[in-house]
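Below: the structure, in structure tokens.
Just so it is clear, the structure is predicted and the values come from calculations on it, not from any experiment.
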Amino acid sequence: MHRIYKNPVKMNIEVLIRNEVAKAVNTLYQAEIDAAQVQTQMTRKEFEGDWTVVVFPFLKLSKKGPEQTAEELGNYLIAKVNEILKFNVVKGFLNLVVSDQYWINVLTKAFNNQQFGSISDAANAPLYMVEYSSPNTNKPLHLGHIRNNLLGFSIAEILKANGNKVVKTNIVNDRGIHICKSMVAWLHSGKNETPESSGKKGDHLVGEYYVKFDQQYKKEIAELEAKGMSKEAAEANAPSMIKTREMLLQWEANDPEVRALWQKMNTWVYKGFDVTYRNLGVNFDKIYYESDTYTIGRDEVLRGLKEGVFTRREDGSVWVDLTNEGLDEKILLRSDGTSVYMTQDIGTAKLRYQDYPIDHMVYVVGNEQNYHFKVLSIILDKLGFQWGKDLYHFSYGMVELPQGKMKSREGTVVDADDLIEGMIDVARKTSEELGKLDEYDETEKENIYRMIALGALKYFILKVDPKKTMLFNPEESIDFNGNTGPFIQYTYARIQSVLRKAKDAGILWESNNLPAQLEPKELELIKRISNFPDVVKEAGQNHSPALIANYCYELVKEYNQFYHEFTILKESELAKKSLRLVLSETVARVIRNGMLLLGIECPERM
RNA sequence: GGUCCUGUAGCUCAACUGGAUAGAGCAGCGGCCUUCUAAGCCGCAGGUUGUGGGUUCGAGCCCCGCCGGGAUCACCA
């Protein structure tokens, strides 16, 4: 594996150790090894030491036992590397003890670097486009969309922190059979109901008509089946469905009335979405609409047809044959000439590469569409786009409820707006009971309740490995204690409180007045801090906000132990007091920056 | 059936990509507020990592076979 060390603090010692070990093996055992292959890791807490070299791989070269080999390497390192004071050997592990002064330097550099952990983008930095959210305009956002939005936003932030340029994009699925269903139902039974007349949020209103359509459709199917029609025939011939297909054709033919209704209902939905997005704290740099891109896709499909990449069947439908790739045949245009999902995605992709010099395209889409993206990638490749096979589908798992999958038909869908509202209520109640915000006015208080509620929700969702299916229990998942967002926010607020008090007392803390020796807990904290840049990098490589979340939790847990073990402001030795304040401020900054990568804000008090 | 994902404490999740005695939180039990924010800290208890083989110095992680859960293979999106 190829590793690039961008953090100079860490690069020095870890790379130094690797290089020296490689030299040692060369000198002691007359064998050439690559320094990058030397296995090093931070020493586990239960052993003495800071860095550990795994010596097992060298046994074949040394032709000696693990203890003796480790001993020899240890003696070599101690002679060559100033920072290494001593070592011990446990089985095949060589534990190196680094001087406190080294770690104090690490802390000093972190403290004096406001950007610690992230890399600012260079002029020639690669451009990532991250597509996420991508709602349909026939229903409001639910818990599943929340996971998508939070992951997409966070991944974009993490990629930025890794020195990349990022364009966040949203492809709004504003056309197609689904929106026609809502339109048909609204025409049928809407009686001109509008968000204004009903007081309902636009996306919720349209969603209600989508449900009404489904109810009506089901009824018609049942009636037809009762008359002896087969299920398939009933589904195709139900009057509502016939009307919907007609409307889709009219829409694609630019029928003014249909287009006007479509525009009207979509506008309601967008207003509703804007509110939800604002509450979630996500945003986009560029929004695409399927209604603008599907024709481009259709043209591409027709071009492919002309070039013999695709085939037309007798009924007029257009297909791509992927059996050579181990997949099936896939439809690209219906027999009536209208577009399907895939058609649109082809057009959107082409347009985006025209609009931006994209180096990496990331699709944040659920794992239920793994097959779709595999196919999309191959099709774009067949159409001659060099970037086709480089698309990255960031595939994440579904969110399930205690009773299983969310089913809109069974009314078990957790609505995004309701969920956020509910969490703010809990945050308000908890906060009022604790009464720590009494000196704030109502606006400030509400802002903090919102921060805490969203911190809880976002952290809960982002801390789990994106690719795994996760469970959300509306009753139990709203917890503010333990491994939660509010716990981390709380620690941040607690540190701010200490720093405020220090400032009020006229205490100065600077990194040029630190002690020569560290307490074990202080050392642990510095080590934890020193990992932050690596975690950011790893989160970028693995597209995993969960790594950031888990890191923040570990750091905060470590800090709270430190906080209970030592006094800060009442420490009599100036250098020690200074160290603890520097440590506290650095931890707070890492917490804030880490949480921002998750889209979570930290309040100054809570 | 084909392809892909997944299985770790009662529950929800970790485990630095093959390293040392598998860790947290919740739930349960017991301690700690006259001291910088108790949304906190400390302790107890909780495991044959679904299962059987294999690879090697070493496997929760890699390979093969079973068992369980899920997704997908539409003129849906």
> Mind checking what makes side chain to side chain contact (heavy atoms under 4.5 Å, CB included) contact with A:Lys63, not counting sequence neighbours?
Replying inline: none

> How long is the line joining OH of A:Tyr363 and P of B:A77, in whole Å?
Replying inline: 17 Å

> Sequence neighbours excluded, which residues qualify as side chain to side chain contact (heavy atoms under 4.5 Å, CB included) partners of A:Thr244?
Replying inline: A:Ile177, A:Cys180, A:Lys181, A:Val184, A:Phe213, A:Met241

> When rounded to the nearest Å, what value does the distance between P atoms of B:U8 and B:U55 take?
Replying inline: 27 Å

> When the aromatic ring centroids of A:Trp262 and A:Tyr289 are compared, is their separation below 6.0 Å?
Replying inline: no

>> Using a 6.0 Å distance limit plus a 45 degree cone around the ring axis, check whether A:Arg313 lies over the aromatic ring of A:Trp319.
In response: yes

>> With heavy-atom distances below 4.5 Å as the criterion, would you say the side chains of A:Asn173 and A:Ser134 are in contact?
In response: no

>> Tell me whether the count of non-hydrogen atoms from other residues, nucleotides or ligands lying under 6.0 Å of NZ in A:Lys45 goes above 12.
In response: yes

> OP1 or OP2 of B:C76 sitting under 4.0 Å from any side-chain N/O of A:Arg245?
Replying inline: no

>> Check this for me: does any side-chain nitrogen of one of A:Glu558 and A:Lys521 sit under 4.0 Å from a carboxylate oxygen of the other?
In response: yes

> Between atom CD in A:Glu400 and atom P in B:C11, what is the gap in whole Å?
Replying inline: 15 Å

> Roughly how far apart, to the nearest Å, are B:G58 and B:C44 at atom P?
Replying inline: 33 Å

> Taking only residues at least two apart or on different chains, which pairs with a member in residues 562-571 of chain A satisfy salt bridge (Lys or Arg N to Asp or Glu O under 4.0 Å)?
Replying inline: A:Glu571-A:Arg580

> On a whole-Å scale, what distance lies between the C1' atoms belonging to B:C32 and B:U37?
Replying inline: 16 Å

>> What's the gap between B:G46 and B:G28 when it is taken at their C1' atoms, as a whole Å value?
In response: 10 Å

>> Syn or anti for B:C41, given that syn means the glycosidic angle lies within 90° of 0?
In response: anti

> What's the CD-C1' distance between A:Gln344 and B:C76, to the nearest Å?
Replying inline: 13 Å

> Atom CG of A:Leu471 to atom P of B:C26: distance rounded to whole Å?
Replying inline: 18 Å

>> If the condition is salt bridge (Lys or Arg N to Asp or Glu O under 4.0 Å), which residues does A:Lys527 pass it with, not counting sequence neighbours?
In response: A:Asp50

>> If I take atom NZ in residue A:Lys330 and atom P in nucleotide B:C76, what distance separates them, rounded to the nearest angstrom?
In response: 11 Å

> If you pin A:Asn136 and A:Leu59 to their nearest nucleotides in RNA chain B, which one's is more 5'?
Replying inline: A:Leu59

>> Whole angstroms only, please: what is the NZ-C1' distance between A:Lys139 and B:C76?
In response: 10 Å

> How far does the P atom of B:C41 sit from the matching atom of B:G25, given to the nearest Å?
Replying inline: 8 Å

> If the sugar-phosphate is the primed atoms plus P, OP1 and OP2 and the base is the rest, what is the B/S/- string for nucleotides 30-43 of chain B, using protein heavy atoms under 4.0 Å?
Replying inline: -----SBBSBBSS-

>> Run the side chain to side chain contact (heavy atoms under 4.5 Å, CB included) test against A:Arg450 and tell me which residues pass, sequence neighbours left out.
In response: A:Ile424, A:Asn447, A:Leu454, A:Glu601

>> Taking any heavy-atom pair under 4.0 Å as a contact, classify A:Asp465: base, sugar-phosphate, or nothing.
In response: sugar-phosphate

> Starting at the 5' end of RNA chain B, what dot-bracket string do you get if Watson-Crick and G-U pairs under 3.5 Å are bracketed, crossing pairs use [ ], other-strand pairs use | and unpaired bases use dots?
Replying inline: (((((((..((((.....[...)))).(((((.......))))).....(((((..]....))))))))))))....

> Mapping A:Val340 and A:Leu547 to their closest nucleotides on RNA chain B, which lands nearer the 5' end?
Replying inline: A:Leu547

> Taking atom C1' in both B:G70 and B:C57, what distance in whole Å separates the two?
Replying inline: 38 Å

> Can the ring centres of A:Tyr341 and A:His372 be said to be less than 6.0 Å apart?
Replying inline: yes

> Can A:Asp479 and A:Thr484 be counted as having a side-chain donor-acceptor contact under 3.5 angstrom?
Replying inline: no

> Do we get A:Arg605 above A:Tyr440's six-membered ring, with its NZ or CZ under 6.0 Å from the centre and within 45° of the axis?
Replying inline: no

> Does the cation-pi check pass for A:Arg147 over A:Tyr396, that is, NZ or CZ under 6.0 Å from the six-membered ring centre and within 45° of its axis?
Replying inline: no

>> Rounded to whole Å, please give me the gap between NZ in A:Lys537 and C1' in B:C16.
In response: 12 Å

>> Using a 4.0 Å cut-off on heavy atoms, which residues in residues 170-184 of chain A reach RNA chain B? List them by number, or say none.
In response: A:Asn173, A:Ile177, A:His178

When you compare the protein's N or O atoms with those of nucleotides 19-21 of chain B, which come within less than 3.5 Å of each other, and at what distance?
{"from": "B:G19", "atom 1": "N7", "to": "A:Gln39", "atom 2": "OE1", "distance (Å)": "3.0"}
{"from": "B:A20", "atom 1": "OP2", "to": "A:Arg44", "atom 2": "NH1", "distance (Å)": "2.2"}
{"from": "B:A20", "atom 1": "N6", "to": "A:Thr52", "atom 2": "OG1", "distance (Å)": "3.0"}
{"from": "B:A20", "atom 1": "N6", "to": "A:Asn95", "atom 2": "OD1", "distance (Å)": "3.2"}
{"from": "B:A20", "atom 1": "N1", "to": "A:Asn95", "atom 2": "OD1", "distance (Å)": "3.2"}
{"from": "B:U21", "atom 1": "OP1", "to": "A:Lys91", "atom 2": "NZ", "distance (Å)": "3.1"}

Distances under 3.5 Å only, N/O to N/O: pair up the protein atoms with those of nucleotides 1-10 of chain B.
{"from": "B:G7", "atom 1": "OP1", "to": "A:Lys468", "atom 2": "NZ", "distance (Å)": "3.4"}

>> My understanding is that only residues two or more places apart in sequence, or in another chain, count here; which of them pass salt bridge (Lys or Arg N to Asp or Glu O under 4.0 Å) with A:Lys501?
In response: none

> Do A:Glu252 and A:Arg334 sit within salt-bridge range, that is, some charged N less than 4.0 Å from a carboxylate O?
Replying inline: no

> What's the OH-P distance between A:Tyr459 and B:C13, to the nearest Å?
Replying inline: 13 Å

>> Taking B:C16 as the reference, what is the distance to B:A59 when you measure between their P atoms (whole Å, please)?
In response: 16 Å

>> Checking A:Val375 now: which residues fulfil side chain to side chain contact (heavy atoms under 4.5 Å, CB included) with it, not counting sequence neighbours?
In response: A:Leu322, A:Leu327, A:Lys330, A:Met342, A:Tyr371, A:Ile379

> What interatomic distance, in whole Å, is found between C1' of B:C29 and the corresponding atom of B:G10?
Replying inline: 15 Å

> Are any non-hydrogen side-chain atoms of A:Lys468 and A:Asp465 less than 4.5 angstrom apart?
Replying inline: yes

